[in-house]
Amino acid sequence: MMLKKTILGAVAFLAVTLSGGAVQAAGEYTETYQQDWSFSGVFGTYDENQLRRGFQVYREVCSSCHGLDFIAFRNLSDAGGPHYSEDQVRALAAEYTIADETADGGEREGIPADRWPEPFPSDQIARDANGGALPPDLSLIAKARGISQPFPWWVFNYFTAYQEAGADYVYNLLTRYEEAPEGFEVPPGQYYNEYYSGHLIAMAPPLSDGIVSYDDETTPETVDQYSRDLAAFFQWTADPHMVSRKTMGFRVIIFLIGFAVLMYIVKRRIWRDAH
Ligand code: HEC
């Protein structure tokens, strides 16, 4: 009786899930082009050079509208992150003017301990400058956004330890500005983006080929490359301790395996003479 119920339950569950997947696939679902990331998988780490390039593009293009509240200048010298030298960070911070009531004239040069400066003095001023839309802070954007996938693809993510949905989202958003399809009304101040939910976004395409020049001449200066570097950078700002967490996780698993073996031997010893 019990078994029959369980089987019936499992069949019903599968039927609902499968049909749900089919409906989703037929409806508003937009495919995500998933990228290869250096930080994917159990042993993945950030690519220091890629983070530096991402930071450069953020600084030159995005920082005029988007803040990075949770990042202080000094974080840019963290190992496992962009890893700039302390002198570079000090020089970078000094290029910015920071509002400080205790300083002469209410302003002073930036120091490494300062947070990344806000692009606008208030949300209202930010909205007024952007046709009513608020450019969100990007420090945690890679955590705040993810991708949707139809059944059964999302099931595989549990087995492959997929955690790069935020980076994949940012990459797809930035690379999929397109001409609106025939008959699709695009109101003034809005732009057609194939990937954005509802396809209308109040951010003009921020990138174009060649807009930022990289020091390293072998890296392509294309929208595709900029977007991938930015996505990696925002993954780091959202999860700066990923590398140490993965290392610790690996050590813990090794410890637990060793501990399990030890406990097994102990158990055999203690029960050796029991009949
Ligand atoms: C001129 C101002 C401006 C610039 C420059 C700009 N953005 Fe935006 N961005 C906006 C606005 C406004 C929104 C809000 C759009 C909306 O709500 O429709 C936005 C939204 C976003 C979002 C959030 C999308 C979502 O899922 O909600 C991301 C991510 C983003 N921008 C990334 C970037 C990146 C990366 C750059 C630099 C390459 C950049 N932006 C440059 C104005 C800007």
Side-chain angles (χ1 to χ4, degrees), residues 28-35 37 39 46 50-71 76 81-82 96 116-149 163-178 180 184-214 219-239:
E28 250 302 277
Y29 169 69
T30 312
E31 194 194 341
T32 304
Y33 305 139
Q34 283 171 270
Q35 304 299 301
W37 301 106
F39 43 85
Y46 295 117
Q50 180 168 47
L51 296 188
R52 289 180 181 198
R53 292 196 302 270
F55 169 65
Q56 188 190 352
V57 184
Y58 163 75
R59 184 180 174 212
E60 289 181 23
V61 183
C62 325
S63 69
S64 54
C65 294
H66 293 281
L68 213 52
D69 278 357
F70 293 97
I71 296 295
L76 296 166
Y96 291 83
W116 189 260
E118 291 279 349
F120 299 102
S122 77
D123 281 2
Q124 191 53 50
I125 294 173
R127 279 183 194 281
D128 291 347
N130 284 283
L134 184 67
D137 186 89
L138 294 181
S139 357
L140 297 178
I141 197 77
K143 284 267 156 95
R145 297 287 182 273
I147 67 174
S148 64
Q149 288 174 304
Q163 296 177 37
E164 295 76 46
D168 278 324
Y169 178 91
V170 171
Y171 170 82
N172 278 267
L173 179 78
L174 294 171
T175 49
R176 291 167 76 175
Y177 278 97
E178 286 179 8
F184 192 102
E185 191 79 30
V186 180
Q190 301 274 320
Y191 304 84
Y192 185 82
N193 184 301
E194 193 205 4
Y195 193 66
Y196 193 61
S197 139
H199 303 307
L200 285 176
I201 185 163
M203 169 171 73
L207 297 169
S208 54
D209 290 348
I211 193 172
V212 171
S213 35
Y214 285 146
T219 311
E221 291 166 0
T222 57
V223 171
D224 188 80
Q225 184 67 39
Y226 296 147
S227 305
R228 199 162 311 129
D229 295 345
L230 280 165
F233 175 68
F234 294 130
Q235 181 80 23
W236 172 74
T237 60
D239 194 1

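In listed order, ligands and their atoms are each counted from 1. This one's a predicted model, so the numbers in the text were calculated from it and none came from an experiment.
Close approach of ligand 1 to Leu230 is summarised as follows: ligand atoms under 4.0 Å from at least one heavy atom of the residue are 35 (C), 38 (C). Atoms of ligand 1 found under 4.0 Å from any heavy atom of Asn130 (numbered from 1 in listed order, with element): 1 (C), 2 (C), 12 (C), 42 (C). Within ligand 1, the atoms closer than 4.0 Å to a non-hydrogen atom of Leu207 are 38 (C), numbered from 1 in the order shown. Taking a cut-off of under 4.0 Å to the non-hydrogen atoms of Leu173, the atoms of ligand 1 that pass are 24 (C), 28 (C), 29 (C).
Ring pair Phe55/Phe233 is tilted by interplanar angle, where 30° to 60° counts as tilted. Under the 30°/60° scheme for interplanar angles, the aromatic rings of His199 and Phe184 are found to stand perpendicular.
Among the atoms of His66, some N or O lies under 3.5 angstrom from an N or O of ligand 1.
Among all heavy-atom pairs drawn from Phe39 and Gln235, the shortest one is CE1-CG, 3.5 Å. The nearest pair of heavy atoms linking Ala238 to Ala142 is CB-CB, 4.0 Å.
In this structure, Arg176 forms a cation-pi arrangement with Tyr33, its terminal cationic atom sitting closer than 6.0 Å to the ring centre and no more than 45° off the ring axis.
When hydrogens are left out, the protein atom nearest atom 18 (O) of ligand 1 is Ala202 N, 2.8 Å; that is the closest non-hydrogen contact. The shortest contact between atom 34 (C) of ligand 1 and any protein heavy atom is with Cys62 SG, 3.4 Å. The nearest heavy-atom contact from the protein to atom 13 (C) of ligand 1 is Pro135 CA, 3.8 Å. Shortest contact from atom 26 (O) of ligand 1 to any protein heavy atom: Tyr169 OH, 2.5 Å. From the protein, the heavy atom lying nearest to atom 14 (C) of ligand 1 is Leu134 O, 3.6 Å.
In the candidate list Ala129, Pro136, Pro206, Pro136 is nearest to atom 20 (C) of ligand 1, counting heavy atoms.
At a heavy-atom distance under 4.0 Å, only side-chain atoms of Arg145, from C-beta outward, approach ligand 1. Contacts between Tyr196 and ligand 1 below 4.0 angstrom, taking non-hydrogen atoms only, involve the side chain exclusively. Under 4.0 Å from ligand 1, heavy atoms of Ile201 appear from its side chain as well as its backbone. Looking at Leu174 against ligand 1, only its side chain comes within 4.0 Å, counting heavy atoms. Counting heavy atoms under 4.0 Å from ligand 1, residue Val170 does not touch it at all.
In this structure, the side chain of Tyr226 does not engage the main chain of Leu174 through any donor-acceptor pair within 3.5 Å. Panel note: side chain Ser139, backbone Phe70; a donor-acceptor pair is recorded below 3.5 Å.
For the atom pair CD (Gln225) and CD (Gln50), the distance works out to 7.0 Å, reported to the nearest 0.5 Å.
Taking the side chain as every heavy atom from C-beta outward, Tyr192 and Tyr177 never approach each other to under 4.5 Å. Asp229 places none of its side-chain heavy atoms less than 4.5 Å from the side chain of Tyr171.
The closest approach between a heavy atom of Phe234 and any atom of ligand 1 is below 4.0 Å. Put simply, no part of Val57 is less than 4.0 Å from ligand 1, judged by heavy atoms.
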side-chain contact (heavy atoms from CB on, under 4.5 Å) for Tyr169 and Tyr195? Distances and angles first, verdict last. CA-CA 9 Å; Tyr169 178 91; Tyr195 193 66; 3.6 Å; yes
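In summary, no N, O or S atom of Cys65 is located under 2.8 Å from atom 8 (Fe) of ligand 1.
Note on Asp224 versus Arg228: salt bridge recorded, some NZ/NE/NH1/NH2 to OD/OE distance being below 4.0 Å.
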